[in-house]
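What follows is one structure encoded as structure tokens, with my remarks underneath.
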Amino acid sequence: MSIENEFATVDLVANAGVATSGIDAFALSVIKAERQIRRLFTHIVFQCPAFTRVDIPDLRNALWERKRCYFEGFVRGIDAILPVSLEQLVGVPYPPLRDGIDNAIEVRNKVFHGQLTNQCLGQSDLLARVGEVRAWCQAVSSAGLQAVSYDGFQRNSFRKGGSDLAGTFKRQLPSVAEYRRFLADWVVRRDGWQPPAGW
């Protein structure tokens, strides 16, 4: 799976020529961006030497059990493990791309809850936002391939990469129990989040 294949359905919806094409394609693109960052996170976690294929069900369950794990938390988790942050990997385009995806998620959340946004977005505006989301996904894809040889779109994020990859990590997760604690400390959304003591 590639970003082109992943966004093929978004393109089909966007080009359907119906009244809801803009909002439907926009919402679908945001879902794909959120899934990409989650998959990239779980792939990075799985590189820790403590985890093998037998741990996959427990790793999945640990994430499933944790409510309030969202996009920004997965980015924090990635940044807490990799030797350099996602922002550093993406480089100069990161701030505007991050602003764009954060705004897209906010708009999508309003729409999903039947609320109004204050942006009065028409069909052409929403389709332009699809392009912004795609640009974010492309940048994350390139950064992921560079850092861990995984773009967040390839199927099965629970697979090992290079044998020495985890040796570069700032933090190791030595057990599923530690992974659960890591999710609680770094990924779960809460107001006024601060890095855990000693970070």
Side-chain angles (χ1 to χ4, degrees), residues 1-7 31-66 68-95 97-98 101-102 105 133-189 193-199:
M1 184 64 72
S2 66
I3 186 169
E4 292 79 16
N5 291 336
E6 191 74 26
F7 271 79
I31 289 169
K32 289 181 178 294
E34 289 174 323
R35 185 170 59 187
Q36 178 194 29
I37 206 73
R38 175 185 49 80
R39 281 181 172 166
L40 182 58
F41 169 76
T42 56
H43 179 77
I44 290 166
V45 166
F46 193 64
Q47 303 315 300
C48 292
F51 302 132
T52 66
R53 294 196 61 76
V54 299
D55 298 299
I56 293 174
D58 289 337
L59 292 169
R60 287 183 186 276
N61 285 337
L63 188 52
W64 175 80
E65 289 164 1
R66 279 285 171 202
R68 299 177 59 79
C69 290
Y70 300 109
F71 179 90
E72 77 280 358
F74 290 126
V75 173
R76 276 198 309 265
I78 290 168
D79 289 350
I81 296 173
L82 290 184
V84 296
S85 68
L86 188 59
E87 180 172 5
Q88 291 171 298
L89 288 169
V90 170
V92 172
Y94 185 91
L97 289 173
R98 180 62 191 267
I101 191 65
D102 287 346
I105 291 170
V133 173
R134 188 190 304 248
W136 163 266
C137 289
Q138 182 62 65
V140 170
S141 176
S142 298
L145 288 170
Q146 173 191 341
V148 295
S149 301
Y150 182 75
D151 66 357
F153 288 126
Q154 301 161 45
R155 300 297 180 217
N156 183 22
S157 64
F158 292 99
R159 55 180 168 174
K160 295 292 187 181
S163 58
D164 61 344
L165 179 60
T168 68
F169 288 177
K170 287 186 288 193
R171 165 179 274 102
Q172 295 292 330
L173 300 173
S175 66
V176 174
E178 285 297 319
Y179 177 54
R180 286 192 171 94
R181 277 191 281 277
F182 181 81
L183 290 172
D185 288 346
W186 287 92
V187 180
V188 170
R189 177 184 289 171
W193 183 89
Q194 295 291 325
W199 168 244

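Here, residue 1 is the first one in the sequence, and each next residue gets the next number. Quick caveat: nothing in here was measured; it's all calculated off a predicted structure.
Side-chain contact between Tyr179 and Asp58: absent, with no pair of heavy atoms (C-beta onward) separated by less than 4.5 Å. In this structure the side chain of Phe74 never reaches within 4.5 angstrom of the side chain of Glu34, judged on heavy atoms. At least one side-chain heavy atom of Phe169 sits less than 4.5 Å from a side-chain heavy atom of Leu82. Under the 4.5 Å side-chain criterion, counting only non-hydrogen atoms from C-beta, Arg98 is not in contact with Pro95. Put simply, the side chain of Lys160 does not reach to within 4.5 Å of the side chain of Leu165, judged on heavy atoms. By the 4.5 Å heavy-atom criterion applied to side chains, Gln154 and Leu145 are counted as neighbours. Residues Asp79 and Trp186 fail the side-chain proximity criterion, which asks for heavy atoms closer than 4.5 Å. Proximity of Ile37 to Ile78: side-chain heavy atoms (C-beta onward) are separated by under 4.5 Å at one or more points.
When atom types are taken as modelled, the side chain of Arg171 and the backbone of Ile81 share no donor-acceptor pair closer than 3.5 angstrom. In this structure, Arg66 contributes its side chain and Leu183 its backbone to no donor-acceptor pair below 3.5 Å. Of the possible polar contacts, one joining the Gln172 side chain to the Ala166 backbone as a donor-acceptor pair under 3.5 Å is found.
Sequence neighbours left out, the pairs with a member in residues 175-184 that pass salt bridge (charged side-chain N to carboxylate O under 4.0 Å, His left out) are Glu65-Arg180, Glu178-Arg181.
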Stepwise side chain to side chain contact (heavy atoms under 4.5 Å, CB included) test for Asp55 and Phe158: CA-CA 10 Å; Asp55 298 299; Phe158 292 99; over 6 Å; no

Chi angles and distances behind the side chain to side chain contact (heavy atoms under 4.5 Å, CB included) call for Tyr70, Val188: CA-CA 7 Å; Tyr70 300 109; Val188 170; over 6 Å; no

Phe71/Trp136 under ring-ring contact (aromatic ring centres under 6.0 Å, His included): CA gap, chis, key distance, verdict: CA-CA 13 Å; Phe71 179 90; Trp136 163 266; 5.7 Å; yes

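Taking all atoms of both residues into account, the shortest heavy-atom contact from Arg76 to Val187 is NH2-O, 3.4 Å. When every heavy atom of Gly77 is checked against every heavy atom of Phe182, the shortest pair comes out as O-CZ, 3.6 Å. Asp151 and Gln36 make their closest contact through O-NE2, 3.0 Å (heavy atoms, listed as atom of the first residue, atom of the second, distance). Here the closest non-hydrogen pair linking Leu40 and Gly144 is CD1-CA, 4.2 Å. Residues Leu97 and Ala139 come closest through the heavy atom pair CD1-CB, 3.6 Å.
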Using distance only, find each side-chain donor-acceptor pair of residues 85-92 under 3.5 Å and give its atom names and separation, not counting sequence neighbours.
from	atom 1	to	atom 2	distance (Å)
Ser85	OG	Glu87	N	3.4
Ser85	OG	Gln88	N	3.1
Ser85	OG	Gln88	OE1	3.3
Gln88	OE1	Ser85	N	2.8

Cut-off 3.5 Å, no hydrogens considered: what does the side-chain donor-acceptor table look like for residues 41-50, sequence neighbours left out?
from	atom 1	to	atom 2	distance (Å)
Thr42	OG1	Arg38	O	3.3
Thr42	OG1	Arg39	O	3.1
Thr42	OG1	Ser157	OG	2.7
His43	ND1	Ser157	O	2.9
His43	ND1	Arg159	O	3.4
His43	NE2	Gln47	NE2	3.4
Gln47	OE1	Gly161	N	2.6
Gln47	NE2	His43	O	2.8
Gln47	NE2	Arg159	O	2.8

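The distance from the CZ atom of Arg134 to the OG atom of Ser141 is 12.0 Å, given to the nearest 0.5 Å.
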